[in-house]
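One-based numbering, in listed order, for ligands and for the atoms of each.
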Amino acid sequence: MGIAFNESTKEFHLYNGQISYLMKVMRNGQMGQLYFGKRIPQKDNYDYLTENVMRPTTSYVYENEYSFSLEHLKQEYPSYGTTDYRMPAVEVLQKNGSRITDFTYVSHKIYAGKPQLKGLPATWTKEDSEADTLEILLRDELLGLEMTLLYTIFNGENAIARSVRFENSGKEEVQLTTAMSLSLDLPDSNYEWMQLSGAWGRERHVKERMLQQGIQSVGSLRGASSQHQNPFVALKRPAADEFQGEVLGFSLVYSGNFLAQAEVDTFDVTRMMIGIHPSYFSWCLKPGESFQTPEAVMVYSCDGLNGMSQTFHRLYRTRLARGYWSERERPILLNNWEATYFDFDEEKLLEIAKTAKEHGVELFVLDDGWFGSRTSDWSGLGDWWANTDRLPDGIKGLSEKVEALGLKFGLWVELEMANKDSELYRNHPDWIIQTPGRRASHGRQQYVLDFSRKEVVDYIHGLIVKILRESKISYIKWDMNRFITECYSAAFAPEQQGEIFHRYILGVYDLYERLTSEFPEILFESCASGGGRFDPGLLYYAPQCWTSDDTDAVERLKIQYGTSYVYPLSSMGAHVSITPNHQVGRLTPIKMRGDVACFGAFGYELDLAKLTDAERETVKEQIRFVKKYRKLIHSGTFYRLQSPFAHNISAWMVVSEDKKQAIVGYYRVLNEANAPYRRVYLHGLEEACAYRVERNGRDAGVYYGSELMNVGMVMTDLPRKQPEETHEGLGQELDSFTDFWSEILVLQAED
Ligand code: DGJ
């Protein structure tokens, strides 16, 4: 693997065993794009990939010459206004009002390893030998503005990380008004666009459509990545599916406003981009200052969507998530939110925790309502000290009592917010984000603190650090329950107001960075009204994220299935909650709730004392199962087998790295009379290996990997009830004579 530069043709070739990425310095000194895809050989010359076609109504760069127009050349990081009329990756507003730029090649550096991005989350390497990096320095001579394109190709992964750094080495101040993280001109448009869209309670549903001429995009202007659109897009060949065919995945390591866009021109060239949303963004660059864009990761797969996801999973689980917990087994937690909401005192909490411990739970999490005057969502946010009416010995006392029960203790916080009814707001009314002279809109009676200001972040840091230092806290759930409106900061000049959305996120990252380095063994779980900030940016600091407030097992099938396109199972907070379910009112068996949640970072969101004896036995069994298999589930290779978006029956599976074990989740939402024959076709197994299969804990025989993958596991004949449990009626002898049926298959290689 490596990065080759051909001095005579000025071509760069980034390659490893699987992929190639080719670009070159074009005749005008700017960077041109040649190829991204499956590995091709390193050659002396790729000139044939520069297609200069003379076309009517075209504008050309050089006088009296009809062969060089940026409109018709595939570029690496394009700007608008000099013969290219498509959307630009970079736009710079200059003192004289012009936005024309001309960034031309100056030099490049190639080195082993990967640089970190200051103040920003990014993928990383443990050893320099894991990746190679190319930095290409370009300069706009008129402005003295420098731009460095950064590329890291990972050894053994079909992935390239990209970002861009700007440095003003000129004499005049400029405003960056567009600075995308990645732009990629593809030679055709024969792709289906796939996005993950939703809303509160139905995050990351899969939406697909063919690319069309014109612009198609998803984005967020909410100040957070949001439940509505995820900072991810895949372009897949129409014939590709989960298991085969070409797919390109684009993912942005960022938690704020973003845009992911494909522009297909009238010659069917596709320009794909992802980065900070240019609307409401600008950044003043004074002489001597620099700006670093967030990182984007692009993945190439010729093994379909599962192939793409598996690359994202490996990379994001092991080389994006950081620290003590990234690859450790996650504790099984019980969170009190749906059990009590705001209605609790210490005695009630300890009762819930004690019952949890008796069932095998490892971590008790106290959610919202423990601080300041917070007994409803009208007050208290910002006042991060314990409410001693409810918790007489504070968080310190409660955490010690929970630890004395043999459990670890975790705490909920929402550090970026304030209620007007709080000490914080009464003392610092100017610390919330609001525009002078305008009404400040609220969300859930709360206001967003101006995290673009260091003194605000410092104040919150001081309060939370005190609690973390004096108490026994093993886990923090960091929530964020409203989006930004009337974005403006009292601390910045008028011409810097376009920076506030980004500065806000930098403030969030700064606080995460401080807390995770001061308390490296605390497990952080991010949350934003469920999955409103389920993005790679926060995964860098918090290796798991509360996937959705919707805990219904049927709804969760879609949410977790959609989330799995980018994010590893270890990152998906997934809890069993009570029925009737609090979000949709549905009654599902505790078995199915557990069978869905165990394909995530597992836990409970209920008071176990409220369950029947039989349900409590199931809970104990679930906990035993998760403890035994969580390592495999979180670090194994995940395959989506059948989609809940398209079928009543859905399935997924994980296979251990050595292929000796596998776990399959098989879910049937509604029962069917006289149902068709059913098989599930497994993947990723060793063809010649014999596996003993257990279905819901019962032995179901021994099968070769090749049988399970090619013949399929026959699911028509479901396990039977004991004769004494059988009732009258066709099919009633089956365990599965019910809606909301699920099975867990455990495969173990025979010696
Ligand atoms: C929203 C979260 O998603 C919930 O899990 C819970 O923590 C509430 N906030 C508490 O206000």
Side-chain angles (χ1 to χ4, degrees), residues 198-204 222-228 230 255 333-344 349 352 363-384 386-387 390 395 409-419 421-422 442-449 464 473 475-483 508 523-535 538 542 544-552 555-556 559-560 563 571-578 581-584 593 597 600-607:
W200 175 89
R202 57 176 166 85
E203 291 90 342
R204 290 168 297 284
R222 293 166 188 270
S225 50
S226 86
Q227 292 95 341
H228 304 72
N230 199 257
S255 312
L333 66 82
L334 184 139
N335 177 305
N336 76 306
W337 179 241
E338 287 199 13
T340 66
Y341 295 105
F342 287 113
D343 181 18
F344 63 80
L349 295 175
I352 295 173
L363 166 74
F364 173 75
V365 179
L366 172 55
D367 210 278
D368 197 353
W370 59 267
F371 51 91
S373 59
R374 183 86 164 169
T375 48
S376 74
D377 52 22
W378 281 84
S379 67
L381 282 174
D383 297 345
W384 300 107
N387 175 343
R390 300 180 145 203
I395 289 299
F409 178 76
L411 194 63
W412 176 97
V413 292
E414 191 177 1
L415 302 175
E416 301 154 65
M417 300 289 157
N419 288 112
D421 184 359
S422 67
H442 77 92
R444 203 193 188 199
Q445 316 303 334
Q446 64 194 55
Y447 300 83
V448 184
L449 286 172
I464 191 66
I473 295 178
Y475 162 105
I476 287 286
K477 175 178 174 187
W478 179 325
D479 204 349
M480 194 285 290
N481 284 304
R482 64 154 293 186
F483 298 119
V508 172
L523 170 61
F524 281 78
E525 176 153 355
S526 69
C527 173
S529 300
R533 269 198 319 207
F534 205 126
D535 57 60
L538 286 191
Q544 60 191 60
C545 175
W546 182 223
T547 311
S548 175
D549 275 345
D550 188 346
T551 49
D552 172 68
E555 301 270 297
R556 272 294 184 124
I559 295 169
Q560 291 175 210
T563 305
S571 68
M572 287 186 223
H575 301 173
V576 173
S577 63
I578 203 84
N581 172 268
H582 288 193
Q583 292 76 41
V584 294
R593 281 173 268 154
F602 187 77
Y604 291 87
E605 192 89 8
L606 47 73
D607 179 355

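Nearest non-hydrogen protein atom to atom 6 (C) of ligand 1 is Asp367 OD1, 3.3 Å. Nearest non-hydrogen protein atom to atom 3 (O) of ligand 1 is Asp549 OD1, 2.5 Å. Protein heavy atom closest to atom 9 (N) of ligand 1, with residue, atom name and distance, is Asp479 OD2, 2.7 Å.
Using a 4.0 Å cut-off to heavy atoms of Trp546, the atoms of ligand 1 that qualify are 3 (O), 5 (O). Close approach to Cys527 involves these atoms of ligand 1, each under 4.0 Å from a residue heavy atom: 2 (C), 3 (O). For ligand 1, the atoms closer than 4.0 angstrom to any heavy atom of Gly530 are 3 (O).
A distance-only check finds a donor-acceptor pair linking the side chain of Arg204 to the backbone of Gly531 [under 3.5 Å]. Under a 3.5 Å cut-off, the side chain of Asn336 and the backbone N or O of Asp367 do form a donor-acceptor pair.
With a 4.0 Å cut-off on non-hydrogen atoms, Arg444 touches ligand 1 through its side chain and not its backbone. Counting heavy atoms closer than 4.0 Å to ligand 1, residue Asn481 contributes side-chain atoms (C-beta onward) but none from N, CA, C or O.
Contact annotation: the side chain of Asn387 approaches that of Thr375 to within less than 4.5 Å [non-hydrogen atoms, C-beta and beyond].
Polar contact check, Lys477 against ligand 1: a nitrogen or oxygen pair lies under 3.5 Å apart. Backbone and side-chain nitrogen or oxygen atoms of Asp368 are examined, and one is located within less than 3.5 angstrom of a nitrogen or oxygen of ligand 1.
Taking all atoms of both residues into account, the shortest heavy-atom contact from Ala224 to Gly532 is CB-O, 4.2 Å.
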CA sep, side-chain torsions, deciding dist, call: Asn419, Asp421, side chain to side chain donor-acceptor pair (under 3.5 Å): CA-CA 5 Å; Asn419 288 112; Asp421 184 359; over 6 Å; no
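Under the 3.5 Å distance criterion, with hydrogens and angles disregarded, a donor-acceptor pair is assigned to the side chains of Glu414 and Asn481.
Each of Arg593, His582, His575 was compared with Glu605 under the side chain to side chain donor-acceptor pair (under 3.5 Å) criterion, and only His575 meets it.
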